[in-house]
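For reference, the structure is listed below as C-alpha cells.
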Amino acid sequence: MNPARLAFLLLVSPAATQALQPLSDQSLGAVTGQAGITLEQSGHVSVGEISYTDDGNRLQIQNIERGEQSTIALPSAVKHVTDVAADGTLSINTTVAPTALAIGGVRINDSLASTGAFRLNYSGNTHLQLRPSNGRYIEGQVDTSISDAELIWTTNGHSISFDDILFRADIDQFSIGDAYKGTKQGLDFELNQFAYDFSTGGLKLGGVSLGTLSGELALSGSAQLYAGGRLGNQGLQLDAAISIVNDSSNYVQFVDDGNALYMGDFNGALNVTGLTIDVANDHLAVGVDQLDGAFNANRILIGDSTRPLGAVQFDFLLADDGTNGRFNRLRLYPGVRQPVLAALPTDIRPYSSQFYQPLNAASDGLSAGIDWNLTSANASYIDDNRLVVVSGIKSYGSGDITFDVRGFDHDNNSATADKTAVAIGLNDFNGSYSIEGLRVGNKNAPLQGGAELLLSLEVFQAMDFNLDAYTYITAGGVSGGGIQVDGDYLFSDTNIGLSVDDQGQGIWATGVTYDIHMRQFQFDVSNRGISVNRGEQWSTMNIDDLRWGDKLAGRSLGRVTLERFERGSSLEILPGGAGAVCVGASAGSQSACDAAGGRWEDRGEEGLTVALKAAFEPEGLTSDGTIARNRLTWENNRNSDGNGGYVNGTGTRIEFDGISTNDGLGKSDSNDYGFRADLNIDVYETKVVKKSDGEDSQNVDGKKGDELIYDDSSRTTYSYVETPTAAQKQLRPLGFAVQGNVSFKDFQIDQVRLGHPTGGTQTVFSGVVMQNMDITTNLTATPIR
Amino acid sequence: MKALILSCALLILPALALEPLDSQALAEVTGQGGVYLSGDLTINDTGGPLNRDGPSQNGYSWQTACGVNTTDKRCGGRIAVNTDQSGGWLVLDNIRGRFAFEGLTLTTRRIDSGFDGDGANFNRDVMEIGLPDQLDYNDVSFTIANSNAPRPTDAGFQQTDIMTLNINGTVNQQGNVLLFPTGAP
C-alpha cells in the first residue's frame with residue numbers, strides 16, 4: 001500500500017488499535033440497536049514497539065501503554081455512537097473517559113539513548129461525520145475537544161508538563177483526494193474553517209508553574225502528502241499552504257500571576273514547499289526546499305492591558321541556495337549528543353564540561369543539528385499608524401543543539417533543594433546575519449540608512465558569529481510564576497557591524513571574543529510590563545580591531561576590551577512611549593512650550609519604554625569564584641604578528657579601571673540605585689532642515705533652513721519648504737523619537753592609567769567621582785539617504 | 001552596552017581633520033546613509049537622585065527640594081577628579097543647564113575624490129559628524145572648585161569655589177568632523 005495512504009488511514013482512525021481486539025461479552029452486550037450502534041469499550045493496551053522503517057532505518061516508538069488515567073495498568077473506557085443519516089453521512093461520536101497514553105521513548109535503530117518518556121493524560125469527545133464525495137475519496141467535518149489534559153515530558157527522572165489543558169477544534173469541512181506533483185501521486189488534504197482554542201492551567205517545571213497559556217485561532221489550508229523523501233527511495237514529502245484567517249478574535253496569551261503577554265487580532269500565511277522527512281541511520285532528517293510566510297499582529301499588550309504596544313508585521317523567506325551551499329535542514333537525534341570538548345574554543349570548555357557532566361551517552365533527551373538560510377525578511381513596527389520597516393534581513397548558518405530536563409542548583413546553594421530545569425546547549429553555532437537598512441512611512445519607501453538607531457536596543461546591523469551557549473531555565477521569577485535563566489555564553493571569531501552600508505562598508509568590530517555569564521536572571525510579567533531582575537552578570541568583550549571600512553581590510557583603531565561585573569541590575573520593557581513632550585524647553589503644555597521657544601510633540605499613546613538599571617560592582621569574586629571587574633581598555637601601537645595582524649598586549653594602552661556605582665557614600669555604601677537609563681521610544685514625524693543653500697545629493701534644490709517635506713504619502717520624492725503647512729508637517733520624515741533619562745547617584749572610576757609592557761604603568765587620574773547626575777534628552781533620529 | 005562602546009570609542013578618538021571643509025569639499029563627500037539627530041539635553045533640571053533620597057553624613061545632607069529656578073548648589077551634578085593620589089581634587093560642581101541642537105548628522109563614508117585631489121590619495125572610510133548649524137545654551141552653568149575629598153559627605157570635607165560660569169546663547173557651527181584611524185593599531 002502507498003505509505004502515504006497508510007499513514008492517512010492511521011491518522012483518521014483513532015480507534016484503529018482497539019478495533020483489532022476481540023470484543024468481550026460485556027462489550028458486545030453494550031451494543032444497542034436503535035437509530036445507530038453504541039459501542040462501549042473498556043481496554044488496556046500495551047505495545048512493546050511500533051517501528052517505522054524507511055530505507056532500512058527504523059524509527060522506534062517504544063513501550064506504548066494506554067489505560068485508565070489514575071492507574072495506567074487498568075482498562076480505560078471509550079464509548080462510540082455510530083449512526084448513518086438519510087443522506088449517507090456516517091456519524092461517529094466518541095467519548096473517552098479519563099485515560100493515560102504513555103510512550104517510554106523514541107529511538108532510531110536501537111540507539112543507546114532515547115528522547116525520554118512522554119505521557120498524555122486526557123478525556124475527550126470527538127464527533128466525526130464522513131460522507132461520500134464526487135471526485136474526492138471522502139469529505140466531512142469534525143468537532144473535537146480534550147479536557148483536563150496533562151502532557152508530560154520526562155528525561156533522566158525530571159519532568160516538564162502542561163497541566164489542565166483544554167483543547168477544542170472544529171473543522172467545518174475537510175476532504176481528502178488525489179494530489180499530483182510531477183510523476184508523484186499522493187493525497188490532498190483540504191481544510192476549510194479550522195477553528196481551535198486552547199488553554200493550559202499551568203506550564204510547569206518539576207511541578208512549579210511558569211504561568212498559563214491560552215489562545216484562539218481560525219485557520220484554513222491544504223496539504224499534499226507524497227511518498228519519497230530526500231534520502232534513499234522511501235520517506236515522506238509534504239507541500240502545504242496554511243492561512244491564519246483575518247479574525248479579530250484570534251489571540252495568544254501567556255499569563256504570569258494574573259498579568260498577560262497578549263497578542264491578538266492577527267492574521268498571516270505559511271507556505272511549505274518540499275518538506276521531506278526521512279529516517280537516517282542515527283537521526284530523523286527533516287528538510288524543506290522553501291518556507292515562506294507573513295504575519296501581522298494588530299494588538300500587542302505587555303502587562304498593562306490599557307496601553308497597547310502598537311502593531312508588528314513580519315514576512316520571511318527561507319529557501320535553499322545550492323550555489324552557496326546554504327540549506328534549511330533539521331536533524332533530530334534521540335538522546336543528548338555531547339560536543340567534542342577539544343573542538344570548542346578554550347574559554348568555553350570548562351562551562352561546556354560542567355554542563356554535560358551529569359549526562360552520558362545513554363542519557364535521555366533530544367538533540368538537533370540545524371542548517372538555516374533566511375534569504376530575506378522584513379520586520380515592521382507600527383506606532384500610532386506610523387510605520388518603520390527593518391528591511392532586507394538575511395541570515396545563514398549551522399549549529400548543534402541539545403535539550404534535556406534535569407535537576408539544577410538554581411541558587412548556587414547546595415543546602416537548598418535543586419529545581420527542575422530545561423537545559424539547552426548550543427554548540428558550534430556558526431552564522432551570519434545582516435540588515436540592509438530601514439524604510440519609513442510605507443513598505444515601498446526607498447531604502448535608507450539609519451539601522452544604527454537599533455544599536456540602542458543592542459541590535460547590530462550585521463554580525464558573523466560563532467556561538468557556544470549553555471542555558472538552564474527554571475520555574476519561578478521574583479514572585480510566583482515567571483522563569484529564571486542561568487547561562488554561560490561565548491561568542492568567538494565574531495565580527496560585528498556597528499554602522500555599515502549595503503555594501504558591507506562602515507565601522508566594524510572584528511575578531512570579537514565576548515564571554516557572558518548570567519546567574520539568576522528572573523523574568524516576570526507585571527502589571528507594568530516585562531521585568532528582568534538580573535541577579536549577577538559578568539562578561540568580557542575583547543575587540544581585536546575596531547576597523548573603519550571593510551571588515552577584513554579596513555584600517556584599525558586598535559584593540560578595545562570591555563569588562564563588566566554587575567549585581568542586582570534590572571531591565572523593564574513597558575508599553576507606551578513618551579506621550580506629549582516639549583523639545584527644547586521645559587513646559588507642560590503646548591502654549592507654554594511655544595512661549596518658551598520649544599517645540600510641542602504629541603507622540604501618541606503607543607510606543608515602547610525601556611528602563612535599564614546597571615549596578616556596577618567593585619572588583620570582586622563572582623559566584624563562580626572568579627575575579628571580575630568593570631574596566632575599559634584601549635590598546636594600540638601593537639607589534640605586528642607578521643601575518644597582517646597584531647599581537648595583543650604588546651602596545652600602549654589606556655585603562656579606565658575600577659568603574660563602579662554606589663548610593664552616594666563610596667564603595668562601602670549600598671548599590672541599589674546604580675546607573676539608570678530610561679528610554680521612551682516612539683516613531684514620529686521629525687523636523688529635518690537643509691543645512692546649506694543649493695542642490696543636495698539627490699539634486700533637490702532648497703535654501704538653508706528649509707524643511708524637508710515628502711511630496712505625498714508614498715514618501716518617495718520630497719521638496720524643501722520654507723514654512724510648511726499643517727498638512728505638510730504630516731509628511732515630515734519619520735524617525736525614532738527617544739525621550740531618554742540617564743541618572744546615577746554616584747559613579748566612580750578608581751583610576752585612569754597609561755601602560756606599556758616595557759614602559760610600565762603611569763596613573764593619569766587617581767580617581768574620578770561623579771555624583772547626583774540627572775540628564776534628560778529629547779532626541780529625534782531620522783534615517784537619511 | 002555595545003552602543004556604549006561605540007560612544008566611548010567616539011569620545012576617546014583622536015580629533016583629526018578638524019579644519020572646516022569648504023562647500024566644494026562638502027559636496028564631494030559621497031553619501032550612503034546615516035542618521036539625522038535633533039533635540040535637546042537637560043542636566044539636573046529639577047535636581048538629581050541624591051536630592052530626593054540621598055544620604056546625610058558628617059554634617060552634610062544631599063536631600064533638598066530642587067525646582068527649575070532653585071539656586072541651591074546641591075541641586076546640580078558634581079564631578080571630582082584627582083590627578084595625584086596624595087593631592088586634592090579638581091571639582092566641577094553644581095552642573096546644570098540645557099543644550100538644544102538641530103541637524104547633527106552621523107554617517108560613515110568613503111572619501112576617494114575631491115579635496116583638491118587629496119581625496120583620491122586619502123581613499124579611506126571615515127565617520128562623519130555633521131555639526132548642527134546652531135547649538136543653543138540655556139542657563140548652562142557650573143562651578144570650578146577644589147576640595148580635599150571627593151564627596152561632600154566625607155569626613156573633614158573642605159571645598160573652595162573658584163569661579164562659576166553661566167552660559168546663555170547660541171553657537172553657530174558649520175562643517176563636519178571626520179573621524180578615522182591613523183597610526184599603528
Side-chain angles (χ1 to χ4, degrees), chain A residues 437 448-450 452-453 455-456 458 496 498-499 501 505-507 545-546 548-549 554-558 560 562 583-584 586 632 634 636-638 646 663-666 673 686-689 691 697 743 745 765-785, chain B residues 1-3 5-6 8-9 12-13 23 26 31-45 47-51 54-55 57 62 68 76-85 98 100 102-103 105-108 110 124-127 130 133 136 150-151 153 180-181 183-185:
Chain A
Q448 303 187 337
E452 297 89 348
L453 299 172
L455 282 173
S456 62
E458 296 205 15
I496 300 173
L498 299 170
S499 174
D501 63 22
Q505 303 294 306
I507 299 176
D545 289 288
L546 193 61
W548 262 237
R555 289 181 69 107
S556 169
L557 184 70
V560 177
L562 178 67
V583 181
S586 179
L632 176 67
W634 175 33
N636 64 12
N637 266 322
R638 292 169 293 173
Y646 298 90
D663 288 339
L665 295 177
Y673 194 88
T686 57
K687 183 181 177 183
V688 174
V689 297
K691 296 174 71 175
S697 61
S743 65
K745 287 183 173 177
F765 297 124
S766 297
V768 178
V769 174
M770 294 182 274
Q771 291 185 288
N772 197 38
M773 284 289 188
D774 185 294
I775 302 170
T776 300
T777 62
N778 281 300
L779 291 178
T780 53
T782 312
I784 55 176
R785 277 181 270 175
Chain B
M1 180 47 76
K2 291 114 188 179
I5 293 176
L6 178 62
C8 292
I12 60 178
L13 278 170
S23 298
L26 280 172
Q32 288 162 352
V35 182
Y36 179 103
L37 292 165
S38 294
D40 63 24
L41 185 152
T42 307
I43 302 173
N44 286 46
D45 199 28
L50 284 173
N51 302 129
Q57 190 165 286
W62 273 104
V68 175
R78 175 185 172 86
I79 301 173
V81 177
N82 183 4
T83 56
D84 182 351
Q85 200 160 17
R98 173 180 293 110
E102 200 159 77
T105 57
L106 299 174
T107 59
T108 53
R110 171 163 285 260
R124 290 189 211 165
D125 288 271
V126 300
M127 169 172 276
D133 285 341
D136 296 327
R151 297 176 177 85
T153 48
F180 53 90

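Note that this is a predicted model, so its numbers are computed, not measured. Every chain is numbered from 1, with letters handed out A, B, ... down the list of sequences.
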Quiz item: Picking from G666(A), G506(A), G554(A), which has the most non-hydrogen pairs under 4.5 angstrom with chain B?
Solution: G666(A)

Quiz item: Can you tell which of G54(B), G76(B), A100(B) has the highest number of heavy-atom pairs within less than 4.5 Å of chain A?
Solution: G76(B)

Quiz item: Which of the residues T686(A), V583(A), L665(A) is involved in the greatest number of heavy-atom pairs with chain B at under 4.5 angstrom?
Solution: L665(A)

Exercise. State, to 0.1 Å, how close Q771(A) and G664(A) come at their nearest heavy-atom pair, and which atoms those are.
Key: NE2-O, 3.3 Å

Practice problem: With a 4.5 Å cut-off on heavy-atom pairs, point out which of T776(A), V769(A), N772(A) contacts chain B the most. | Solution: N772(A)

Self-check item: Contacts of type side-chain contact (heavy atoms from CB on, under 4.5 Å), residue L779(A), not counting sequence neighbours
Solution: T777(A), F101(B)

Practice problem: Compare all side-chain heavy atoms of K691(A) with those of T105(B) and state whether any distance is below 4.5 angstrom. | Solution: yes

Exercise. Could you tell me which portion of D84(B) (side chain, backbone, both or neither) has an atom closer than 4.5 angstrom to a non-hydrogen atom of chain A?
Key: backbone

Quiz item: Which atoms of Y646(A) come close to chain B, meaning under 4.5 Å heavy atom to heavy atom: side chain ones, backbone ones, both, or neither?
Solution: side chain

Quiz item: Among R555(A), M770(A), R638(A), M773(A), which has the most heavy-atom pairs under 4.5 Å with chain B?
Solution: R555(A)

Quiz item: What part of D663(A) is in contact with chain B, defined as an atom under 4.5 angstrom from a non-hydrogen atom: side chain, backbone, both or neither?
Solution: backbone

Exercise. Sort and list the pairs that fulfil salt bridge (Lys or Arg N to Asp or Glu O under 4.0 Å) and have at least one residue in residues 768-780 of chain A, not counting sequence neighbours.
Key: D774(A)-R52(B)

Quiz item: Which atoms of D136(B) come close to chain A, meaning under 4.5 Å heavy atom to heavy atom: side chain ones, backbone ones, both, or neither?
Solution: neither

Exercise. Assess whether side-chain contact (heavy atoms from CB on, under 4.5 Å) is satisfied between W634(A) and L557(A), documenting all intermediate values.
Key: CA-CA 9 Å; W634(A) 175 33; L557(A) 184 70; 3.9 Å; yes

Exercise. Pick one of side chain, backbone, both or neither for R98(B), based on which atoms fall under 4.5 Å of a heavy atom in chain A.
Key: side chain

Self-check item: Residue, of V68(B), D133(B), T153(B), that accumulates the most heavy atom pairs under 4.5 Å with chain A
Solution: D133(B)

Quiz item: Between V768(A), I775(A), V688(A), which has the largest tally of heavy atom pairs under 4.5 Å with chain B?
Solution: V688(A)

Self-check item: When G77(B), G103(B), P49(B), P55(B) are compared by non-hydrogen pairs under 4.5 Å with chain A, the top option
Solution: P49(B)

Quiz item: Which atom names give the shortest non-hydrogen contact between P181(B) and S556(A), and what distance separates them?
Solution: CB-O, 3.4 Å

Practice problem: Please report the closest heavy-atom contact between F180(B) and W548(A), naming both atoms and the distance. | Solution: CA-NE1, 3.7 Å

Self-check item: Top contributor to chain B interface from G437(A), S743(A), G549(A) [non-hydrogen pairs under 4.5 Å]
Solution: G549(A)

Quiz item: For Y673(A), does its backbone N or O pair with a side-chain atom of K745(A) as donor and acceptor, under 3.5 Å?
Solution: no

Quiz prompt | Expected output: side-chain Y36(B) to main-chain V689(A) donor-acceptor under 3.5 Å | solution = yes

